[in-house]
Trainee: 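Below are the structure tokens for one structure; questions will follow.
Bear in mind the structure is a predicted one, so any value in this text is a computation, not a measurement.
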Amino acid sequence: MAYIAGVDIGNSSTEVALLRTSDDGTHEFVASALYRTTGLKGTKKNVPGVVNALTRAAEQVGIDPGDIDRVLLNEAAPVIGDVAMETITETVITESTMIGHDPSTPGGVGLGTGTSVEITADMADHDPADPVIFLVPDSVDFADAAARINEWHENGYDVKGAIVQRDDAVLIHNRIDVEIPILDEVSDLDKIPRGQPTAVEVAPQATGKTIDELSNPYGIATVFALSAEETQKIIPVARALVGNKSAVVIKTPRGDVEERTIPAGNLHIVSGRGSTTEVPVDQGAEVIMEAVMNNWPVSDVRGESGSNIGGMLNRARDSMAEVTGQPMDSIEIRDIMAVDTLIPQAVQGSVAGEHSMESAVALAAMVKTQQLPMRQIADGIEAEIGTTVVIQGVEANMAVLGSLTTPGTDVPIAILDMGGGSTDAAYMDVDKEIDSIHLSGAGDMVTMLIDSELGLDDRDVAEAVKKYPSAKVQTLFSIREEDGTVDFLDEPVDPSLFGRTVLLEDDGEMRPVPVRKSPEEIRRVRRRAKRNVFVTNAERALNLITPTESIRQIPFVVMVGRSSLDFEIPEMISDALAEYGIVCGRANVRGEMGPRNAVATGLVLSHIGGGQYLDFELPAELSTSLERTPTKTE
């Protein structure tokens with residue numbers, strides 16, 4: 001009796017399929033296991049994750065990992081993703097400071113303009129004819145602040161508004177005798193320059209309206225009497241304040257805010273023929289991807305020195321050089337995936353963490369690996385469990401073999417292996433010849449896009465947003481889902497979730513989203529990210545692997561991998577391929593595993609015939625279709 005284990009090392013998870021061969025020559029899959037990938041895929045840090053996954057599989061059949069006779073590894077190519085800014089690293093604003101953090105309970109209504117003055121200032125030091133905007137630090141109680149505002153007003157001073165450090169806007173507004181806009185919760189009040197022209201705007205509450213003047217560059221220009229040149233420079237301020245219900249803009253002295261720009265830079269795409277194409281990143285993802293496909297196959301991609309894109313690609317190379325021990329100059333990037341996106345960009349001159357949504361290009365780069373790192377992984381596993389480890393084959397080829405155990409499939413067939421870091425595709429024709437391709441961009445890139453576009457700054461939350469639908473808690477006993485459906489609950493929700501946007505997790509729990517976004521907006525961002533990455537990459541991959549470079553020639557497409565378990569992605573890809581008349585759906589590996597375990601299963605099947613893949617007959621007991629004869633794979 002012998003045991004063979006196939007191990008699929010992915011970007012996020014490591015899967016194992018364990019096969020037992022009896023003395024009479026029969027084969028049986030006896031265990032499967034899943035464990036998170038440790039370290040960057042394709043590096044020696046993967047060893048602990050592989051050993052843990054093998055241990056879990058061995059425990060299911062009551063053996064030690066060392067009892068496994070042979071471990072088969074896939075060739076694992078890492079994919080590194082990052083964002084290259086289309087514009088600049090720091091949004092440039094000259095001669096202005098802004099506050100636009102949009103507190104939930106501002107006070108008053110309207111637009112007020114005047115000079116910023118400390119609430120504790122001596123009244124005698126100011127001209128009653130000069131309008132004032134009071135600054136109220138947290139050391140001043142709301143009742144005292146209201147009394148001071150009333151005192152100035154009664155003495156003929158023109159009080160136009162207030163900026164408060166505490167959450168006291170409504171409390172102050174309810175106690176004063178003059179109607180003014182009040183913005184509160186400004187934690188860094190000390191950063192606001194004193195004695196400078198200031199504008200405060202608060203939109204009418206409970207009307208759904210947002211501010212009008214300070215979100216309009218011409219409105220700001222009117223308030224501060226700006227020139228045409230100055231108006232061009234405050235566009236990021238106005239853009240950052242769009243949709244806010246309150247805001248402040250302060251005109252600061254010339255030179256207080258300095259410009260510093262870092263260009264997006266140019267990509268240099270080197271084709272397999274040796275020619276180089278230069279593409280400016282700021283022309284967008286469509287132009288970049290067109291250049292990539294025109295130069296396919298790509299032998300390397302480099303970025304302009306001193307630019308955003310140069311820094312991003314150099315970080316990818318540096319990461320791989322560090323973990324593989326190879327010289328940085330020998331690391332090659334064989335594919336990039338570019339997607340247009342928006343990211344919150346910190347506004348220079350802000351005092352409450354304001355951001356402007358700036359255009360950007362998200363990039364995922366596939367770094368070429370050599371046999372050396374995989375051999376290091378194999379040697380590390382052998383040292384840990386004391387068994388023979390073989391690097392068996394390319395992921396996509398192995399996934400085809402595993403996918404052929406799905407009931408209802410036949411050749412010619414194409415598979416899409418959609419994992420965390422890459423989209424792999426393979427095509428097997430009627431003569432059992434396989435062509436495969438490995439492209440950058442998959443689940444992790446979608447997570448990155450969601451994280452940046454929603455301004456979460458938390459990859460774990462972004463991953464949850466990708467995996468689960470959202471809803472708004474309307475009452476303690478009802479929620480409105482992102483498609484508009486209202487659900488009534490048997491048990492009340494946690495009162496802390498009232499009025500918040502939540503994620504509906506599989507276990508029935510509601511997870512609050514830590515940003516003020518509606519379910520509709522979250523759904524729009526999530527689906528756009530998935531469509532731009534998965535649907536685009538699926539069509540790109542299938543066109544590249546078919547002999548005629550036409551998707552229409554493929555009768556069957558089977559989706560495998562972690563992302564095939566997503567509640568939206570398979571449907572999106574199926575809809576996109578429906579116009580070509582293709583049978584497309586999720587795999588059911590071995591009739592029981594769903595889209596999981598295809599590569600691990602394929603690794604084992606490739607070894608049954610004597611150590612070389614595609615030279616064996618699929619054993620009847622491993623074929624999950626009872627009416628199907630064994631598939632000859634040669």
Trainee: Please tell me if the side chains of Ile522 and Ile450 come closer than 4.5 Å, counting only heavy atoms from C-beta onward.
Mentor: no
Trainee: For Gly561 and Asp417, which heavy atoms make the closest approach, and how far apart are they?
Mentor: CA-OD1, 3.5 Å
Trainee: Can Asp444 and Arg562 be counted as an ion pair, charged N to O under 4.0 angstrom?
Mentor: yes
Trainee: Looking at Arg334 and Glu332, is there a salt bridge between them, counting it only when a charged N and a carboxylate O are closer than 4.0 Å?
Mentor: yes
Trainee: Using the rule given for side chain to side chain donor-acceptor pair (under 3.5 Å), can you reason through Thr536 versus Asn532, listing the C-alpha separation, both sets of side-chain angles and the distance that settles it, and then say yes or no?
Mentor: CA-CA 6 Å; Thr536 300; Asn532 286 343; 5.1 Å; no
Trainee: Do Arg70 and Thr387 have a side chain donor and acceptor closer than 3.5 Å?
Mentor: no
Trainee: Could you tell me whether the side chains of Thr37 and Ser12 share a donor-acceptor contact shorter than 3.5 Å?
Mentor: no
Trainee: Between Ser440 and Ser422, does a side-chain contact (heavy atoms from CB on, under 4.5 Å) hold up when you go through it step by step?
Mentor: CA-CA 5 Å; Ser440 59; Ser422 63; 5.9 Å; no
Trainee: Checking side-chain contact (heavy atoms from CB on, under 4.5 Å) between Asn74 and each of Ile391, Asn397, Ile9, which is the one that passes?
Mentor: Ile9
Trainee: With heavy-atom distances below 4.5 Å as the criterion, would you say the side chains of Tyr427 and Pro412 are in contact?
Mentor: yes
Trainee: Can you check salt bridge (Lys or Arg N to Asp or Glu O under 4.0 Å) on Glu59 and Arg56, steps first, answer last?
Mentor: CA-CA 5 Å; Glu59 288 175 349; Arg56 291 187 176 193; over 6 Å; no
Trainee: Could you check whether Thr21 and His27, counting side-chain N and O atoms only, form a donor-acceptor pair closer than 3.5 Å?
Mentor: yes
Trainee: Could you tell me which residues satisfy side-chain contact (heavy atoms from CB on, under 4.5 Å) with Ser299, sequence neighbours excluded, listed by chain and number?
Mentor: Val270
Trainee: What pairs with Arg540 under side-chain contact (heavy atoms from CB on, under 4.5 Å), at least two apart in sequence or on another chain?
Mentor: Met289, Val292, Met293, Trp296, Asp335, Met337, Leu439, Asn537, Leu544
Trainee: Using a 6.0 Å distance limit plus a 45 degree cone around the ring axis, check whether Arg20 lies over the aromatic ring of Phe29.
Mentor: no
Trainee: Identify, with sequence neighbours excluded, every residue that meets side-chain contact (heavy atoms from CB on, under 4.5 Å) alongside Val525.
Mentor: Glu453, Leu454, Arg528
Trainee: Write down the atom of Arg375, the atom of Val389, and the distance for their closest heavy-atom approach.
Mentor: NH2-O, 3.7 Å
